Amino acid sequence: MTNPSILNKKRLVFALFFVCLIFFALIVRLGWIQIVNGEEFRMLAIQQQTRDVPITSKRGTIYDRNGKELAASVTTFTVWATPAEIKSKSEVNYKEEVAKSLSEILEIDEKKILENISQKKGLVRIAKWIDKEKANAIIKEKLKGIQVAQDFKRFYPYGNFAAHVLGHTTDDNQGLSGVELKYDKVLSGLPGRWIKNTDAAGRRLPYGIEKYYEPVNGLNVILTIDEVIQHFTEKAIENALVKTNGKRVMAIVMEPKTGDILAMSVKPDYDPNTPRVPLDELEKQNYEALDTSEKQRLWNKMWRNPMVSDTYEPGSTFKLITSAAGLEEGAIEPDSHFYSPGYAIVAGQKIKCWRHYRPHGDQTFTEAVQNSCNPVFIEVAQRLGAEKYYKYIDAFGFKDKTEIDLPGEGNAIIQRLSRVGPVELATISFGQGISVTPIQLITAISSVANDGKLMQPKIVKELTDDSGNVIHRYEPQFVRQVVSEKTAKELRLIMESVVSDGSGKKAYIPGYRVGGKTGTADKVINGRYAKGSVYSSFVSIAPINDPKVAVIVIIDEPQGIHYGSQIAAPAAHEILRDTLRYLEVEPQYNEEEKARFQRQKVIVPEVRSLKLSKASKILSDNKLDFSTEPITVSGGNAVVIDQFPKPGSEVYEKSFIYLFVKEESE
């Protein structure tokens, strides 16, 4: 055997040192990974091995002030798949079999399911919001890699009822508008988790840990809305929309002493259960042809709450603010005399009264409010001066948002005081050249009903848990004293004369002292007054001697007759009449009214569970009228499921009994 040469020995020694160096480097690197970066890689391994299936928390229920469900979460189920687990050594086409089985149960295209479960993802969602029968059928199949988790779907039992107040949610149960958006964090709760360990391919590890964390349900929201008064309001403005063929009609009912919103509605509206599909048949037909941007514009139009977000020129209803300022400052008295030649000359400009062709002539201030005479209010504003007049605009809350607890509140559009000249002051005095939101105006008018005390409007009364415990109560918020109690009472009496002797006669209700003010204002479109396009409105308070409610009705672009006194006042009358009876405000008839209108009291009969035809006959025999919800009943198999007032209640003859009906199949 030949002895290795010196060169070969050197090569062997070099190779030995090189191998040792590599091993030393590997040991250092391994030590660095395990010791220095060990925690980081340990966390990465856990993340790679962990599958986290979200468990949706139950969204809180929204109730009206009397505990009636207006929005609830119904239990559904969601189907999840772990693609790496959907295979079997003995079955080559197992994924195809899983897709076929799921397709038959879920009634979903088989190819689409196969595409989903073939993705290289740890977890994919196959179907959302399936019913219990389908969920049990899938569980019974025992399909590998398929899990069924409990889920919740938002449901609005009354469809489009109070849609712009309630709002709606996304497919992931997140608030998108209305109370659902404003109180989303409160309603949402905390989601749960289903956590399990898998290998890199997604297979469940035999030694892995599986944990299920229960979701925490959201809190319930109790609204200030009264479902019955909301029903009265929606019915009245729906009728007004049909009669006037207007673009839209809106109304707000407020409790002056607390700022509680008892009803808020706009027609046309939408169904929160299917918020992206228009209710109007013509719009529904054209909907599918719209591109994404056009659909988005349509949705914004449908979901926007104009009573909170949009401004409009209030017209003559704003004369009440001018009246309050003049009375409070002593610039006028209810019996102060004015003379109107049918116009006023302001800074060389002739501003006409609406009845310039037959001037009102000599009149007291009370009569001027009844006649809605523009020149008189111009003179009142001139007596006050711009600075003092603006002090009351600010005091009534028109310079600030009301801070109502609904999203998207708009700001009034008011000229800066430095830019207000004699002409601008004159036009603002009778409600032109100023734009306010409906919620601002009804809040201001409510302060007159509340002896001059301005309250912050609110839509939510309480937050409760699942056991009914009150977690938080929203107390009435006093903002400021706007005018004195004396001024408020004087103005209320003037408002009453508008209904009894002036332009608001169509709001008159026998036995009740109703005060109001009409308004008709041209619309501003693209920066200019649009001829023939108006807002017709009416604000009212009742009863004048002890105000329980304040109401505003606004009709946008009515066709034909467009005076607020002719079309908005009747809608307010309908709302007030039904609401005052519902609130059990006893009518106080004068002698003339007693002879004409006083009726005997009758006991409301039990008609629940009866067919509508039979129920209507029983009510008729008891000298009672009725109305149904829904308003239109198509079939002859409608059954009464609830009624208001309840059986045994004492009401006057010819009172309306509201029947909640449900169509039953043959």
Side-chain angles (χ1 to χ4, degrees), residues 56-76 129 131-132 150-171 173-189 215-235 253 260-265 269-275 305 405-406 458-474 582 608-609 628-631 639-646 658-664:
T56 307
S57 60
K58 185 179 180 181
R59 194 172 178 85
T61 302
I62 301 177
Y63 298 94
D64 87 325
R65 68 190 296 122
N66 298 314
K68 199 146 193 174
E69 279 190 9
L70 302 180
S73 292
V74 294
T75 303
T76 59
W129 295 339
D131 57 38
K132 189 174 182 180
Q150 182 176 278
D151 202 349
F152 296 97
K153 181 181 180 181
R154 205 59 168 165
F155 175 64
Y156 303 88
Y158 298 106
N160 61 330
F161 184 80
H164 288 89
V165 173
L166 299 175
H168 62 280
T169 62
T170 65
D171 288 346
N173 270 338
Q174 293 181 335
L176 197 57
S177 67
V179 170
E180 295 278 24
L181 173 60
K182 188 70 176 182
Y183 287 85
D184 185 56
K185 290 183 179 179
V186 171
L187 288 162
S188 294
V216 178
N217 294 339
L219 295 178
N220 303 316
V221 171
I222 314 296
L223 301 182
T224 60
I225 293 291
D226 188 304
E227 182 266 337
V228 177
I229 298 175
Q230 180 75 21
H231 171 81
F232 295 154
T233 304
E234 296 205 4
K235 178 174 174 286
V253 182
D260 287 359
I261 302 297
L262 301 178
M264 177 183 283
S265 183
D269 49 17
Y270 70 100
D271 187 345
N273 292 303
T274 53
N305 185 345
D405 42 347
L406 283 172
K458 68 179 191 292
I459 205 80
V460 172
K461 186 179 179 182
E462 294 173 344
L463 304 178
T464 65
D465 60 18
D466 286 341
S467 300
N469 301 311
V470 177
I471 305 302
H472 183 76
R473 179 175 287 113
Y474 296 90
Y582 165 69
R608 290 173 296 188
S609 302
T628 62
E629 173 61 34
I631 296 172
V639 173
V640 179
I641 58 174
D642 202 358
Q643 68 180 87
F644 178 85
K646 298 296 184 184
Y658 292 89
L659 305 179
F660 298 87
V661 300
K662 181 180 181 181
E663 296 279 0
E664 290 195 347

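All residue numbers in this chain count up from 1 along the given sequence. Only this structure's heavy atoms are used, side chains among them; waters, hydrogens and symmetry mates stay out. Note that the coordinates shown come from a computational prediction; the quantities given were computed from them, not determined experimentally.
Nearest heavy-atom pair across Y156 and T169 is OH-N, 3.7 Å. The minimum heavy-atom distance linking P272 with P275 is given by the pair O-CD, 3.2 Å. Considering every non-hydrogen atom in both A263 and T233, the closest pair reads CB-OG1, 3.3 Å. Closest non-hydrogen pair, S265 versus Q230, comes out as CB-NE2, 3.6 Å.
Residues V639 and K662 fail the side-chain proximity criterion, which asks for heavy atoms closer than 4.5 Å. Using a 4.5 Å cut-off on side-chain heavy atoms (C-beta onward), I225 and I459 make contact. No side-chain heavy atom of D131 sits under 4.5 Å from any side-chain heavy atom of T76. Inter-residue side-chain proximity for H231 and Y158 is flagged as unmet; no heavy-atom pair is nearer than 4.5 Å. Side-chain contact between I261 and V253 is absent, with no heavy atoms from C-beta onward closer than 4.5 Å. Side-chain contact between E180 and L187: present, with at least one pair of heavy atoms (C-beta onward) separated by less than 4.5 Å. The closest side-chain heavy-atom distance from L406 to M264 is below 4.5 Å. Residues L223 and V179 are in side-chain contact: their nearest non-hydrogen atoms beyond the backbone lie under 4.5 Å apart.
A donor-acceptor distance shorter than 3.5 angstrom exists from the side chain of D226 to the backbone of V228, with no hydrogens or angles considered. Put simply, the side chain of N173 gets close to the backbone of F152: a donor and an acceptor are under 3.5 Å apart.
Atoms CG and CZ, from L463 and R473 in turn, are 10.5 Å apart once rounded to the nearest 0.5 Å. Taken to the nearest 0.5 Å, the CZ atom of R608 stands 5.5 Å off from the CD atom of Q643. Between atom CD1 of residue I229 and atom CG of residue N66 there is a gap of 8.5 Å, rounded to the nearest 0.5 Å. Between E234 atom CD and E227 atom CD the span is 9.5 Å, to the nearest 0.5 Å. Between atom CG of residue D171 and atom CH2 of residue W129 there is a gap of 4.5 Å, rounded to the nearest 0.5 Å. The structure places CG of D184 at 12.0 Å from NZ of K182, a figure rounded to the nearest 0.5 Å.
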Walk me through whether I222 and T464 qualify under side-chain contact (heavy atoms from CB on, under 4.5 Å). CA-CA 8 Å; I222 314 296; T464 65; 4.1 Å; yes
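More than 12 heavy atoms of other residues, nucleotides or ligands sit less than 6.0 Å from atom NZ of K646.
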Taking distance alone, no hydrogens or angles, what donor-acceptor pairs closer than 3.5 Å link side-chain atoms of residues 67-74 to residues at least two apart or in another chain?
{"from": "S73", "atom 1": "OG", "to": "R59", "atom 2": "O", "distance (Å)": "3.3"}
{"from": "S73", "atom 1": "OG", "to": "R154", "atom 2": "NH1", "distance (Å)": "3.0"}

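Residues Y270 and H164 place their aromatic rings such that the two centres sit under 6.0 Å apart. You'll find the ring centres of F644 and F660 outside the 6.0 Å limit.
Legend: residues meeting side chain to side chain donor-acceptor pair (under 3.5 Å) with D269, ordered by chain and number and at least two apart, are N160, K267.
At a cut-off of 3.5 Å, with distance as the only test, no side-chain donor of Y474 or D405 sits close to an acceptor on the other residue.
With salt bridges taken as basic N to acidic carboxylate O contacts below 4.0 Å, none links K461 and D260.
Using cut-offs of 30° and 60° for the angle between ring planes, the Y658 and F232 rings count as tilted.
Within the structure, the side-chain hydrogen bond (donor to acceptor under 3.5 Å, both in side chains) test picks out the following pairs touching residues 215-225 (sequence neighbours left out): N217-D466.
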